[in-house]
Structures are given as structure tokens and as C-alpha cells.
Amino acid sequence: GLSEKLQATFKRLRGKGKLTEADVNEAMREVRVALLEADVNFKVVKDLISRIKERAVGQQVLESLTPGQQVVKIVHEEMINLMGGLESKIQIASKPPTVIMLVGLQGAGKTTHGAKLANLLKKQGKRPLLAACDIYRPAAIKQLEVLGEQIKVPVFSLGQISPVKIAADSLEHARKNGNDILIIDTAGRLHINEELMEELVSIREKVQPNEILLVVDAMTGQDAVNVAEAFHNQLGLDGVILSKLDGDTRGGAALSVKAVTGCPIKFSGVGEKIDALEVFHPDRMASRILG
Amino acid sequence: FTGAHRIDEDLYEELEEVLIQSDIGVTTSFELVTLLRKSVKERKISDPLMLQEVLKEHINALLGEESPLYISPDSLSVYLVVGVNGVGKTTTIGKLAKNLQLQGKNVLLAAGDTFRAAAIEQLEIWGDRAGVEVIKQTEGADPAAVAYDALRAAKSRKVDILIVDTAGRLHNKVNLMKELSKIKKVIQREVPEAPHEVLLVLDATTGQNAIQQVKLFQEAADVTGIILTKLDGTAKGGVILGIQGEARVPVKLIGIGEGINDLKPFNPAEFANALFA
Ligand SMILES: Nc1nc2c(ncn2[C@@H]2O[C@H](COP(=O)(O)OP(=O)(O)OP(=O)(O)O)[C@@H](O)[C@H]2O)c(=O)[nH]1
Ligand SMILES: Nc1nc2c(ncn2[C@@H]2O[C@H](COP(=O)(O)OP(=O)(O)OP(=O)(O)O)[C@@H](O)[C@H]2O)c(=O)[nH]1
Ligand SMILES: [Mg+2]
Ligand SMILES: [Mg+2]
């Protein structure tokens, strides 16, 4: 991985006093390649590299570490800084229900994670309600209903009518039925589809979500910034769920999404089963991205 | 590069940036720019506007020719559709079925995803839209058994093309990849030349992990072609260039939307142009 590459780069530096700019430049080339190969966005890599460089040049080579280890340590720290701390809390509303809205590109894992969240919150003693607002994808409503049945969580659906109306009515239903959590599943959409992005804005205005969570596929490449930025600019995101982390992708999209939106990644999707949901660990993600 | 006045390091860097941001990958982007520099020297190019064109030449060379789906002229053709979760397999099968049906082919679908919630219902709706039948069993059934059933039905009904849908699976899940190999074996036993196409569906938003996907799906099921979906988004799908470096699998079709007609043959020149659009 990167550690070994940097050890090799710095082999001849053992016993030297300080890391010079030339030494660091060489190391930065390795770091840049590692991050790009891990799918971190090009511009995010550029900013990160300049910050790492600033910290690394002129650093006293510590007794306990080799120069290579020292640079890796700085890279690691800067990545964790960028990714933020452990933050998996769902903001519970002062007046129920807490409304959670899941958004994102086609196939990211929204419907599955709506069910996973409902399952998690139910285990925590809450009474969640799922709302089926994807009226476009064939059998999308059925999919949510099947999942709801598996975890014994009710699914509110009005068939294929206006998603905004379904969302509004589901909120009404949650209040009447004492559901303290409402999770709204929306159809996958492109961030460049104006009409569908407008639909999300309308849903948001109608139900005033406490949490709007963007579901992002962990294997997303450079495009992650475009998607995250657009959804954040148009909706205002409260957090991100990174799905399919049970794959072997390095997951650089995590860094890109956090860098461009500032939103915390709250959960990791680690499988297809309902219980495959974990709190997102920024430090573990940093190690995974570095490879 | 549109405003550049001469060919310099900045221009090469700019072009390399475009490639990397298209998910072409750091190594492949570097190799392409190296080839570009060589061409510029050999052909004594001085006009900066030529750089993009020469780069496209190299990209086209890497992508090869258009590669159509194999259709047997006088017997059953079987297509096995595979890929990781959520990339667009089921939707693509719906589009492909319609497309082939419009060409006068008699098409049959097999609901080979017996695992995911409402997967069978989803394919049935697509079958309905395309005007083709779907062979299915109950949720939880053995997908190899569904494939077997579908093959028997396809043969007895003298169908032209059978398309088998499979559950999404991550390539690093050994047991799921074993299951896929088993499905392929069952198909082969029933019809020796089948599957005639093993189509790996790749999502254009996927980064470098796509290379690993191709490798492992190839190992498990001998992929014969790639279908690149969601090119109607802002992702460029540049990973297919990196893939050509590792495993020569032709991209045969592209998905450009969620409608039944949103499937086109893959055209290398169009793809190369789109990288710089
Ligand atoms: N391995 C794995 N698969 C996942 C994970 N999350 C979702 N999936 C799978 O990914 C596929 C897509 O999930 P969906 O929940 O249908 O995605 P979606 O965002 O609702 O899709 P659209 O509604 O079409 O936009 C399904 O096969 C899921 O089982 C995960 O964390 N790990
Ligand atoms: N914009 C766009 N969306 C697409 C395209 N192809 C598929 N989709 C969407 O992607 C989502 C997932 O499609 P599916 O066909 O369910 O994908 P899959 O690979 O069968 O998913 P699993 O069976 O769960 O692994 C759906 O919302 C589709 O409408 C495409 O070319 N463009
Ligand atoms: Mg969904
Ligand atoms: Mg499917």
C-alpha cells in the first residue's frame, strides 16, 4: 500500500534531520496517485496535497518514526480532519415525528437503507413509518412493502399518484398513528434532471424533514462531487449514507462527498441484509482509502 | 485547450486532468498523454487544437471497433446478464427485450433474481412492457433451477433469444460468484454453446473498482461483453479505457435513461467525443 511505497521513497532519508521540500514533493506524487486510484476526486486531491505538503515540509523527522511513516501519519491525520469525527446521530425532532428523507442517484441503495434505518430505530424503541414515494420504478412500492413486512414496520403508500401528496399524507398519517419516525423513500434521479430535483424540493417544503440523507454508492468515481454538490445546493443535505461498503472498493467517494458538502457521513451500508448497517467510522475509512 | 495558443506543459496537464476526471484512471491517463506527446513529436504538430483530436485517435484505438450482440441465425441464443448491485441489469433486460422484439425476434426472459425484494415483479413489469414472457419460480428458489426451467421452455417454444436476469452481487463475495458459475454451468449443460453472451452491466458512475469487477466476473462467468449504463448522467464512464488495458472485453451497448428505448449500440467515436464535451 501507500505506507510501503513511501518507505521506499524515503529509504535514503534515515538519520536525516528534516524533511525538505524535494523529499516531500516526491512523496506527494505517491500520495496523489494513491488517492486518485482510490477514486478521490481530482480537485479534492489537489487541495489535500497542498495542505499535507504545508505540514510535512520542514518537519523534524521524529525519533520514533521513519520519514515515510511520518508523512503517512500526516496524510492520515489530514484525511481524518477532512472526514470529520464520529457522527451518526439522527437528529430527533422536539415534536414528533422525526422526518427522514432519503435521496440519491438511481440504484444507490435508498430503498434498502430506508428499511435498514427503520429496523435500527425500531430496535431502539421507536415506532417508524416508511413512506413509498417512488412512483416510477417498476415494483418500487412493492419492494418497500416487502421489506416493511420483513421488519414488521408499516409502509404508507397511495399507489402511483403525486409523490408530494404521498409525502404530505404520510406525515399526516404518522401524526395520527403515533409514529415518531417517518422515513420517506424517493425515486432515484439524476442531479441534472430539473423536474425531478424540483419534485424533491417540493417534498421538502411540504414535510420539512429533520434529516435529508444522500445515499451514495461507495464505488462511485470522480462524479461523486458533482452529485453531492448538486443535491446539497438544491436541497440542503444533513448527512450521507455510504452504501455497499462490503465491496472491495477503496471508497474515495467518501472523502470527495464530505469535502464538497461538509456533511457528515452518518452510516455505512455493509450488505444487502436488513441488519447490515453500521455507524460510519472516519478513521477506518481513511485507512481503507489510503490502501 | 480551447483557448490555448501553443502546445506546452500546461496544455498536457489540462488534458490529463480531463482524462482523470472522466474516471479513466491515473495510470491509463498518463499512458494516453505519453502516447499523445509521442505523436506530437513524430508528426511535428504545433497547433494546440490538434491535441484533442490526436488524443481521441489514441482513445479510439484503445476501444476498438463496434461490437454487436451475437445472435444465432438458426437456433436459440442465450444471454446471461450479470453485475454488482443496482447497476441496471433488470432495466437493461427490459430495454433489450423490446429492442430484439422490434427486430422480429421471439424473446423469453428468466427471472433469475430469486433473492431481492420484488425483483421478480420488477422483471415481470418490464416483460409486460416489452411484450415478452417471463419464466419465474417463487422468491427464494434456486436461481440455477430457474435458469434450467427457462432453457427447457425456450427450447420447447422455439424461442430465438432467452435473456437470464441474475441477482446483483459484489464480486468479492466468493459464495455469490460460485453461485454465478453454477448458473452458467447449468445453462451450458442444457445448450452446449450457451450462454452465447455473458453481459456484465457496469454503472458509468463507478470508479476504478470497475476494473476489479470485470476481472472477477470474467473469472467466474467468462464475460463476453459490457453494457455501460447511466451515461445520461454526468459521469463519463472512462473506466472502460482502463478495463481495456487489463481485460479485452468489448463494450457492446450503453444505457442512456430509464425508458424502454434508452439503449443504444456502443460507438467508440461518440464515446471519445463525449469525454471532451
Ligand atoms: N452488497 C450490498 N448491496 C446493497 C447495499 N445497499 C443496497 N444494496 C443493493 O443494491 C441494490 C439497489 O438497492 P436499492 O435499495 O433498490 O437502491 P435504490 O437507491 O432504492 O434504487 P432506485 O430506487 O432504483 O434508485 C439492491 O440489489 C440492494 O440489495 C449494501 O450496503 N451492500
Ligand atoms: N438514468 C438511468 N437510470 C438507469 C439506467 N439503467 C437503469 N437505471 C436505473 O437504475 C436503477 C437500478 O436499476 P435495476 O435495473 O433495478 O438494477 P439492477 O442491476 O437490476 O439492480 P439489482 O438487481 O438490485 O442488483 C433503477 O432506478 C433504474 O431505472 C440508465 O441507463 N440511466
Ligand atoms: Mg428505490
Ligand atoms: Mg435486478
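Throughout, protein chains are lettered first and strands after them, A, B, ... in sequence-line order, and every chain is numbered starting at 1.
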* **Closest non-hydrogen atom pair, B/Lys230 against A/Gly107** => NZ-CA, 4.2 Å
* Structure fact -> When the 4.5 angstrom heavy-atom criterion is applied to A/Leu105 and chain B, the contacting part is side chain
* Is it the backbone or the side chain of A/Glu272 that comes under 4.5 Å from a heavy atom of chain B, or both, or neither? -> side chain
* Structure fact -> Closest non-hydrogen contact found for B/Ala117 with A/Gln143 is O-CG, 3.6 Å
* Asked: chain A heavy atoms under 4.5 Å from B/Thr90: which part of the residue, side chain, backbone, both or neither?
  -> neither
* Asked: Considering residues, nucleotides and ligands other than B/Glu133, do more than 12 of their heavy atoms fall under 6.0 Å from its CD?
  -> no
* Heavy-atom neighbours of B/Lys236 NZ exceed 12 at 6.0 Å -> yes
* To do: Go through the atoms of B/Val84 and report whether side chain, backbone, both or neither lie under 4.5 Å from a heavy atom of chain A.
  => side chain
* When rounded to the nearest 0.5 angstrom, what is the spacing between CD in A/Glu37 and CD1 in B/Ile211? -> 9.0 Å
* Name the member of A/Lys142, A/Glu149, A/Arg32 that forms the most heavy-atom pairs with chain B at distances under 4.5 Å. => A/Lys142
* To do: Kindly check if the number of other-residue, nucleotide or ligand heavy atoms within 6.0 Å of NZ (B/Lys252) is above 12?
  => yes
* Would you say the side chain of A/Arg137 lies within less than 4.5 Å of the side chain of B/Gln122, judging by non-hydrogen atoms? -> yes
* Give the minimum heavy-atom separation between B/Ala118 and A/Ala139, together with the two atoms involved. => CB-O, 3.8 Å
* To do: Identify the residue among B/Asn85, B/Val87, B/Leu170 that makes a side chain to side chain contact (heavy atoms under 4.5 Å, CB included) with A/Met219.
  => B/Leu170
* **Within-4.5 Å side-chain heavy-atom neighbours: B/Thr205 and A/Asp217** => no
* To do: Keeping the roles fixed (side chain from A/Asp39, backbone from B/Gln208), state whether a donor-acceptor pair exists under 3.5 Å.
  => yes
* Asked: Can we say A/Lys46 and B/Glu17 salt-bridge, meaning some charged N sits less than 4.0 Å from an Asp/Glu carboxylate O?
  -> yes
* Asked: Which of the residues B/Ser22, B/Gly207, B/Ala119 is involved in the greatest number of heavy-atom pairs with chain A at under 4.5 angstrom?
  -> B/Gly207
* Which answer fits B/Glu121, side chain, backbone, both or neither, if we ask what part of it has an atom under 4.5 Å from a heavy atom of chain A? -> both
* Asked: Quick check: are there more than 12 heavy atoms from other residues, nucleotides or ligands sitting under 6.0 Å from NZ of B/Lys56?
  -> yes
* More than 12 heavy atoms of other groups within 6.0 Å of B/Tyr12 OH -> yes
* Asked: Listed by residue number, which members of residues 242-253 of chain A have a heavy atom under 4.5 Å from any heavy atom of chain B?
  -> A/Lys244, A/Asp246, A/Gly247, A/Asp248, A/Thr249
* May I ask you to check whether over 12 heavy atoms, not counting those of A/Arg284, lie within 6.0 Å of atom CZ? => no
* Assess whether atom NZ of A/Lys43 is packed by more than 12 heavy atoms of other residues, nucleotides or ligands within 6.0 Å. => no
* Asked: Do you know which of A/Ala230, A/Pro138, A/Gly188 has the most heavy-atom pairs with chain B at a distance under 4.5 angstrom?
  -> A/Pro138
* Heavy-atom distances under 4.5 Å only: say whether B/Glu258 touches chain A with side chain, backbone, both or neither. => side chain
* **chain A interface, residue from B/Asp203, B/Thr91, B/Asp232, B/Leu123 that has the most non-hydrogen pairs under 4.5 Å** => B/Asp232
* Considering only heavy atoms, which portion of B/Phe30 lies under 4.5 Å from any heavy atom of chain A: side chain, backbone, both, or neither? -> neither
